[in-house]
Amino acid sequence: MAMSAETLEMAYPGKYVEQIIIGLEDPLNQHLIKLVAFDFPPELRRHFRREVRSWVGKIQRLRIKPDSRTGSVKFYYDLLFDFPFGGVEVANVRTIMHLISEEYDGIRPSKSAEETAAWLAAFHRELAQRLHAGAPVLDMVPE
């Protein structure tokens, strides 16, 4: 286990890293949508931010054996955005927004599914670039 300036790094076989990220993708994207497309009360927003920081921090610590390298930009982007959303971004974001509205007593979104999908794609493009570069990512978590 090597140490970087911001995180402790943990190296695993590539397929294992992929499985960890796939397991985090759904809750991460749901919480990002909650933060970006809805006006939740401050206490809930703090909770969502803590969760997002935790998951993004975990992804940032992951390295691929045998040489403890980061994944490619495509590796991260595909797992976190393109596989779950690619080609059906707006429809899938709209579905998630609808489920969030139902789960939280009919809260209405403050952004459209189109705006939210565009924001999510841009967020994951930058996140993938930073993860690949081993650069800090926690500052990306939306307020």
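Computation of the quantities below employed the complete heavy-atom set of this structure, encompassing side-chain atoms and omitting hydrogens, waters and symmetry-equivalent molecules. Given the structure is predicted, the values throughout are model-derived calculations rather than measurements.
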*Are Met140 and Glu126 close enough, and set up right, to give a side chain to side chain contact (heavy atoms under 4.5 Å, CB included), and what steps lead you there?*
CA-CA 9 Å; Met140 292 182 61; Glu126 182 176 349; 3.8 Å; yes

*asked:* Nearest 0.5 angstrom please: Thr116 OG1 to Arg94 CZ, how far?
replied: 10.0 Å

_Close side-chain approach of Pro42 and Arg46, heavy atoms under 4.5 Å_ = yes

*Before accepting this row, confirm whether a basic side-chain N of the pair Arg130/Asp139 lies closer than 4.0 Å to the acidic partner's carboxylate O.*
yes

_Met97 CE to Ile107 CD1 distance, which is reported to the nearest 0.5 Å_ = 10.5 Å

*asked:* Just so I know, are the side chains of Leu32 and Phe48 near enough to count as touching, which here means a heavy-atom distance under 4.5 Å?
replied: no

*asked:* Keeping Ser101 on the side-chain end and Gly106 on the backbone end, is there a donor-acceptor pair under 3.5 Å?
replied: no

*Have Ser112 and Glu115 got a donor and an acceptor in their side chains that come within less than 3.5 Å?*
yes

_Once rounded to the nearest 0.5 Å, what's the spacing between atom CG of Leu35 and atom CZ of Phe123?_
9.5 Å

*asked:* Would you call the rings of Phe38 and Phe40 parallel, tilted or perpendicular, taking 30° and 60° as the class edges?
replied: tilted

*Do Ile22 and Ile96 share a hydrophobic cluster, counting only Ile, Leu, Val, Met, Phe, Trp and Tyr and linking them when any side-chain heavy atoms are less than 4.5 Å apart?*
yes

*With a 4.5 Å limit on heavy-atom distance, are the side chains of Leu131 and Phe75 in contact?*
no

_Atom pair CH2/CG of Trp55 and Leu28 - distance to nearest 0.5 Å_ = 7.0 Å

*asked:* For the backbone of Glu143 and the side chain of Arg45, can you confirm whether one donor and one acceptor N or O come within less than 3.5 Å of each other?
replied: yes

*From Arg61 atom CZ to Met10 atom CE, the distance as rounded to the nearest 0.5 Å*: 7.0 Å

*In terms of side-chain heavy atoms, does Glu102 have a donor or acceptor partner in His98 at a distance below 3.5 Å?*
yes

*Please confirm whether His124 and Tyr77 have ring centers closer than 6.0 angstrom.*
no

*asked:* Is it true that, when you exclude Tyr16 itself, more than 12 heavy atoms of the residues, nucleotides or ligands shown sit nearer than 6.0 Å to its OH?
replied: no

*Do Tyr76 side-chain atoms and Gly71 backbone N/O form a donor-acceptor pair below 3.5 Å?*
yes

_To the closest 0.5 Å, what do you measure between CZ (Arg125) and CG (Leu80)?_
13.5 Å

